[in-house]
Number of protein chains: 2
Amino acid sequence: MLTDMESVPGGTPRSRKGGRPTIRDVAREAGVGIGTVSRVLNDDRRVSPGTRHRVMAVIRRLRFRPSTAARGLVKGRTQTLGVLVPFFTKHYFLEILRGIEQALAGTDYSLIIYSVERPEQASAHLSFLSRVRRVDGLIVISLSGRAVATGCRRLARRCPVVAIDANLGGAMNLLPDHELGMYLAVKHLIGLGHERIALVDRPEDPVFGTITEARRQGYRRAFREAGLSLRSPRVVIADYSQEGGYEAVARLLAARRPPTAVACASDLQAVGALRAVEEAGLRVGADIAVTGYHDVELARYVGLTTVHLPAFEMGEVSAGLLVSILTGRQAAEQPTLPPPYLVVRDSCGRHRAQAR
Amino acid sequence: MLTDMESVPGGTPRSRKGGRPTIRDVAREAGVGIGTVSRVLNDDRRVSPGTRHRVMAVIRRLRFRPSTAARGLVKGRTQTLGVLVPFFTKHYFLEILRGIEQALAGTDYSLIIYSVERPEQASAHLSFLSRVRRVDGLIVISLSGRAVATGCRRLARRCPVVAIDANLGGAMNLLPDHELGMYLAVKHLIGLGHERIALVDRPEDPVFGTITEARRQGYRRAFREAGLSLRSPRVVIADYSQEGGYEAVARLLAARRPPTAVACASDLQAVGALRAVEEAGLRVGADIAVTGYHDVELARYVGLTTVHLPAFEMGEVSAGLLVSILTGRQAAEQPTLPPPYLVVRDSCGRHRAQAR
DNA sequence: TTGAAAGCGCTAACAC
DNA sequence: GTGTTAGCGCTTTCAA
């Protein structure tokens, strides 16, 4: 009676519990030691082709999958990536997330979401991650500030961290070309005959304001190249939100010499701007041109001319980067991002001269 | 020289490696066995208050956090929930996700995203999850079909599965009151003087079509209660997308006796409908009334009157439900969902009689 | 009430 | 090449 339930007729021999097969079951079935099975699992070369074949066959037959928990315990790996993401960017974030998922689809890495609704949550998550081994790498989206930077730097000592569309010291940074992005928008506006163009951007980040600065440079370059002087550098600081855009533009239009065009730093601001223009009794496009930024889904529906950022690709690249670092494959030399481009819709109207 | 690096002056005694403290370190520091520490960790009552206190103090001092991997290995738990989600619903899904995150914030459960871009991916993820212990529970959003149902049923034998806004046999289902939702929309339309109201819904799901059926019932109830007969039950099947809505309504408007109002089963369809109305040279609101469904962010921007579904709350409830099942707390008796309600914006105009 | 010991399923170091 | 063994950090008997 040695063959207890090891050979139930028709049943696959397994360890007592009804659970999934373990490496032991595979070893027994294949008539090898568990070390050998482990080697096969880990693509260790020192296994003879014959043995490897036999083991693989059993693995397939038993539909064996190594336990992530056990593996993680000994290797200190979790096979999980984390993404720290502010929800307020909504669609833009979704595109990035799609890119990440896309990159992870082939691999055996899973993605854990750490969402940030209020600023404190970011550092809370980061300190949690430094305490507990929960992810093998982290992607940080559009977050900034002293606290986040510190948290990332600390975590970065333990695992790779890449920041998307943010400039965090210590972590790897993946930044779209904001200088080019804003340049394209303003150049478009100038090409349409505008000269008094206001730039509505968000407040400069106290610590790492590279992004706003880059956009400002693009704005200036467009003027410079067009041979226009920047007597009145109409840069207005407003909240990233719709309300921010609304209020900023309402104020601008009420001024003595209102701009004829407004370049916004987010689509939401631009939507707010649209409203402000309409409420001022002016026509979008004909009287005042408005451009957005990010190319969020919404932009299409409201006919907003905007700057498309490679959101999906940034997600894809960041996740791919982490995976290749973690799996130790050649560090796919500095990945390149497609440049931003302008999406022309209706919010800028036609050329001012023609329009008359 | 026994006190190797155990008592570096000023340093916290730890096991050799620079890593985080383990249960062993805590036990040693507190002068108890590791079993006792484990009991404290697991709220086991059989620990004297004094000991418990002492151990807790050490835990706090060392900033000890038990390893999820180790714990998972022995308990078969991962402290992770999964969410299977189709990206095509976009904003609606985001709200659900926000609700889930909200519910999980206090707990020590993490959330893994399994995104579905193409139908096959759903069953791929499900079969992966049945093979590998990666989550302790799963939330399935707005997915249907034979394959998904089968996969869920199989997984449900291993861990709790709850389906949101889908009707999957075997799993727990969390459904908003679609009957009421569509009833509200159609009642509103009737109240505005409409009698020829078309219902544009998505194709009935081959297997579990409860949702479309519920909406149809709400549609009929509104007519019945208004004392209107349903001679021409204008139910049109269209794709859930914008194009679906566009084509369906374009066709309707070209018919011999076009409807004066269209109730759609998704906001995207409604946006498509809006376009079709405009292209037909008719005015939205004044000539043709349109209602949406879901109350997606977009609806606000295009001024769509629509049915708001408790998306956030469904996420919250589903995650809360899973957690309470997993932690074995009293199964918070059948959680209740707030009812859908109508959000009135501009797409239905005023009463037909007044409008003339 | 508590400590010691036996694993959970796997990898890696060590023998042969 | 391959089997054996000692842990990874924790929970859970089993004694005491």
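Scope of the values below: all heavy atoms of this structure, side chains included, with no hydrogens, waters or symmetry mates. Source: prediction; values computed, not measured. Residue numbers start from 1 in every chain, and the chains themselves are labelled A, B, ... in the order their sequence lines are given, proteins ahead of strands.
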Does a salt bridge link A:Glu101 with A:Arg98, judged by any charged N lying under 4.0 Å from a carboxylate O? no

Drop me the distance from A:Arg20's CZ to A:Phe64's CZ, to the nearest 0.5 angstrom. 11.0 Å

Rounded distance (Å) that lies between atom C1' of D:dT4 and atom CZ of A:Arg28: 17 Å

When you measure only distances, ignoring hydrogens and angles, does the side chain of A:Arg39 come within 3.5 Å of the base of D:dG3 through a donor and an acceptor? yes

Side chain to side chain contact (heavy atoms under 4.5 Å, CB included) with B:Thr80: which of B:Leu104, B:Ile112, B:Asp136? B:Ile112

Sorted by position of nearest nucleotide on DNA chain C, 5' first, the leading residue of B:Thr36 and B:Ala70 is B:Thr36

Please give, in whole Å, the distance from C:dC8 P to A:Ile34 CD1? 11 Å

For DNA chain D, please output the secondary structure as dot-bracket, reading 5' to 3'. Pairs are Watson-Crick or G-U wobble, both atom distances under 3.5 Å; mark crossing pairs with [ ], other-strand partners with |, unpaired with a dot. ||||||||||||||||

Once you apply a heavy-atom cut-off of 4.0 Å, does A:Val32 come out as touching a base, just sugar-phosphate, or nothing? sugar-phosphate

Both A:Gly33 and A:Leu73 contact DNA chain D. Which one's nearest nucleotide lies toward the 5' end? A:Gly33

From CZ of A:Arg24 across to P of C:dG9 the rounded distance in Å is 8 Å

Does B:Ser38 reach a base, just sugar-phosphate, or nothing at all? Heavy atoms under 4.0 Å. base

Check the distance between D:dT13's P and B:Arg46's CZ and give it to me in whole angstrom. 9 Å

Rounded to whole angstroms, how far apart are CZ on A:Phe64 and P on C:dG9? 10 Å

Please state whether the rings of A:Phe128 and A:Tyr114 are parallel, tilted or perpendicular, taking 30° and 60° as the class boundaries. tilted

Backbone N or O of A:Ala103 within a donor-acceptor pair of the A:Thr107 side chain at under 3.5 Å? no

Taking every heavy atom of A:Gly82 against every heavy atom of A:Leu111, the minimum-distance pair comes out as C-CD1, 4.2 Å

Let me know the distance between CG of A:Asp44 and C1' of C:dA12, rounded to the nearest Å. 10 Å

Euclidean distance, atom CZ of residue B:Arg20 to atom P of D:dG9 [Å, nearest integer]: 9 Å

Exercise: do A:Thr51 and A:Ser48 side chains pair donor with acceptor under 3.5 Å: yes

Counting any heavy atom closer than 4.0 Å, what does B:Ser48 reach on the DNA or RNA strands: base, sugar-phosphate only, or nothing? sugar-phosphate

Between D:dG9 (C1') and B:Gln79 (CD): distance, integer Å: 15 Å

If you compare every side-chain N and O of B:Thr51 against the phosphate oxygens of C:dT2 (OP1, OP2), does one of them come in below 4.0 Å? yes

5′-ward residue of the pair B:Arg54/A:Lys75 relative to DNA chain C: B:Arg54

What's A:Gly50 touching, base or sugar-phosphate or nothing? Going by heavy atoms closer than 4.0 Å. nothing

